[in-house]
Amino acid sequence: MKKQYKVGIYCRLSVDDASNSAKAKHYIPGDESTSIENQYAILSKFVMLNGWVEVKTYRDDGYSGGNFQRPGFLEMLEDARHGLINLILVKDLSRLGRDFVEVGRYTDVIFPALGCRLVSVLDCLDSEGDNTDMLHFRSLMNDYHLKDLSSKIKSVLYAKKKSGQYLTAYAPYGYRKSADDKHRLEIDEEAAAVVRRIFQMRYSGMAYGKIAAALNRDGILPPRWHWEMRCGKGHCKYSKLWAYATVRNILNDDVYLGTMTQNCTGSRSYKDKTMIRKPESEWICHENAHEAIIDRDTWDAVQERNQAVKQSSVNRTPPQPALFSGKLVCADCGHPLVATRETQRRKNGSVKKYVSYFCSYFGTTGHSACSWHRVYEMSLSTIVLNEIREYAEALSLDEAAVLDKLKRRIVSANAAQQKDTRQEISGLRRRVGELEHMIARLYEDKINGILSEDSFAALIQKNEQERIQKSQRLDELLACEKKAEQDIANIHQWAGTIRRYLHLQELDREAVEELIDHIEIGERTVVDGQRHQDIKIFYRFVGQF
């Protein structure tokens, strides 16, 4: 019996392809098949001529062939894993990708493992044909094209930077791109006034955090929000508050002297888009490239102050990692607490050093958001150590009772949902089975001529979408059930770990890492004349006891 092929048509158009299209150039190019629509028209006709069944079309518009993390491509792979398609059809091999190594991995390993045949129409290549060696040759040429294209683009961008054109996506705060030439900067007076104020405050001796606090008190929008309100959509995901780092970056950026510095970062290679910092010898600098906001005297004075503060920090003894670093969380804003070291001089002349922790968000915004949530390491260490000993002693006296208490807590937390979850899982399994049976019947009806092409395509798409949705929901519920089972298994692991700390005399970093997941620190309050602070300890494996 002749094998029935269920075809997945794959179409891709990169940005570079689009720039050469008729839409971009306002003329009809020699090869119209580059566009997504024409790719599909060619491939759909090819499917019909071969008597195959067209199941689904996958499209990636505007995605590079060097990147395989494309939504349409990943969806196609997922459908192939589930058996929805068993033949992948492309216009030419470059549509699949231009990375020689990755294309070879898919054509030689992944597609055969999925039981998928690959056909490239214009290359006359078929993974089940006699000319499979040409697959690798074509792929190598496509890879070379990608490398050559990357080199040409970098050369063009480098030449533009050398000529003094501004190529970054956003203008620096205090400037805007010229309406006449987007590669030139001109002063944005509203933001420039804020920049001058920042430099003046620093010149007068204010710290970065104090400057941020002053700007936040006056309701001045930070750089990203300023741009969004004037040039963007009027909203963004970033905070509306100035932070320590934002002020520091502005005060150390020589763009405000009229200097344009570019080519400071770049990708590792045309295959690896990870950005790296380039050596200073490769930077491209143009002095007096645009109008300066800050005069030279003010700039030099501020840099001298910045350098003095930096040198003072360098000369200090490098701090050792604090006991609870990375484990404390603000109960109100969710940001981590950071450690600070304090030195207190007493009346008798003695010196006492303390380590305390406070909310990082409160610190970086110049005390404009949240609050201190300060906690001293000595006090917190005593609380945590006593609780660990308490649980270790309870386990040594009656381990079964402690474990049973933890299991009841986990079961009771999930009991309300367990019954509904099991019913939903049962219903989903039944429905997924029905849909898979219906899809199989649709293929039979299509082959036997009972269903037309249009009716088959509409029904298969509708049923497959529902099947995917139901399968995803089923996977989520099964994962939740598995997690509940794992939570109970984790109880024994926690008991075995904490039992070893029965005779712990002093809390150390190793014990904190092994036992503590995180600790929530509330703000200190005064109740009936007594200071009070909520501290919630969450242990690894079992959470809050």
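- Remark: F538 pairs with H518 by the ring-ring contact (aromatic ring centres under 6.0 Å, His included) rule, at least two apart or across chains.
- Shown here are the side chain to side chain donor-acceptor pair (under 3.5 Å) partners of Y5, two or more places apart in sequence or in another chain: R117, E128.
- Formation of a donor-acceptor pair under 3.5 Å by the Y175 side chain with backbone atoms of E291 is found in this model.
- Every residue two or more places apart in sequence or in another chain that forms a side chain to side chain donor-acceptor pair (under 3.5 Å) with Y170 is listed here: R224.
- Checked for salt-bridge contact, K6 and E54 miss the test: no charged N lies under 4.0 Å from a carboxylate O.
- In this model, a donor atom of one side chain and an acceptor atom of the other lie less than 3.5 Å apart for S368 and N216.
- The main-chain N or O of N249 is never found under 3.5 Å from a side-chain atom of D253 such that the two would form a donor-acceptor pair.
- With K327 contributing its side chain and I516 its backbone, the two residues share a donor-acceptor pair below 3.5 Å.
- Checked against side-chain contact (heavy atoms from CB on, under 4.5 Å), R70 has the following partners two or more places apart in sequence or in another chain: Y10, R12, D60, Y63, F68, F73.
- There is no side-chain donor-acceptor pair under 3.5 Å between D188 and Y173.
- In terms of modelled atom types and a separation under 3.5 Å, the side chain of W283 and the main chain of K278 share a donor-acceptor contact.
- Residue-environment remark: CD (E282) exceeds the threshold of 12 foreign heavy atoms within 6.0 Å.
- Under a 4.0 Å N-O distance rule, the pair E186/K177 does not qualify as a salt bridge.
- Checked by atom type and distance alone, the side chain of S426 never pairs as donor or acceptor with a backbone atom of Q423 at under 3.5 Å.
- The salt bridge (Lys or Arg N to Asp or Glu O under 4.0 Å) search around K161 returns none, not counting sequence neighbours.
- Considering only residues two or more places apart in sequence or on other chains, R467 meets the salt bridge (Lys or Arg N to Asp or Glu O under 4.0 Å) condition with E464.
- We find that E466 and K470 are joined by a salt bridge, their nearest charged nitrogen and carboxylate oxygen being less than 4.0 Å apart.
- Between the side chain of T365 and the main chain of Y361, a donor-acceptor pair closer than 3.5 Å is present.
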